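Report on one structure; see the data block that follows.
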Amino acid sequence: MSLSEARADGIAARFSAAGFTPRMRDHDDHTCIETDIPYPVTAEAWGQLVTVLETADWFGFVSGGSGRIAWAAVSKETPATGIGVRGHGRHP
């Protein structure tokens, strides 16, 4: 298992441990882990969600008519050659 696969699996496991149901989507250069955010969400669950998201290379939130989704992306590039940008943004 590669480092990026292990990181993605770890994020999915942490989403589950926090009470969320993760979905993983594989892309050419990254893996995206998504979860629906229930309404309402407790302050404790929200804090756990944000803590998990901060471990990803990119993360963000999508809100629309079908609900709210949090997503985390992990680059498949090695850390030495990958883009060193972390934070939020548009869904990859």
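Please read these numbers as outputs of a predicted model, since none were measured by experiment.
Here the CZ-CD1 distance, from R14 to I33, works out to 11.5 Å after rounding to the nearest 0.5 Å. To the nearest 0.5 Å, atoms CE (M24) and OG1 (T31) are separated by 5.5 Å. To the nearest 0.5 Å, atom CD of residue E77 and atom NE2 of residue H30 are 11.5 Å apart. Atom CZ of R7 and atom OG of S75 lie 8.0 Å apart (nearest 0.5 Å).
Put simply, the side chain of T35 gets close to the backbone of T21: a donor and an acceptor are under 3.5 Å apart. Of the possible polar contacts, one joining the R68 side chain to the P38 backbone as a donor-acceptor pair under 3.5 Å is found. The main-chain N or O of C32 is never found under 3.5 Å from a side-chain atom of R23 such that the two would form a donor-acceptor pair.
You'll find the side chain of S16 reaches within 4.5 Å of the side chain of P22, heavy atoms only. In this structure, K76 and D28 have side chains that are not in contact, with every pair of non-hydrogen atoms separated by 4.5 Å or more. Residues E34 and V62 form no side-chain contact, since every pair of their non-hydrogen atoms from C-beta on lies 4.5 Å or further apart. Between W58 and V74 there is no side-chain heavy-atom pair separated by less than 4.5 Å. Side-chain contact between F20 and V41: present, with at least one pair of heavy atoms (C-beta onward) separated by less than 4.5 Å.
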Contacts table for residues 42-52: side-chain donor-acceptor under 3.5 angstrom, sequence neighbours left out:
{"residue": "T42", "atom": "OG1", "partner": "A45", "partner atom": "N", "Å": "3.0"}
{"residue": "T51", "atom": "OG1", "partner": "G47", "partner atom": "O", "Å": "2.9"}

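Under the salt bridge (charged side-chain N to carboxylate O under 4.0 Å, His left out) criterion, D9 pairs with no residue at all, not counting sequence neighbours.
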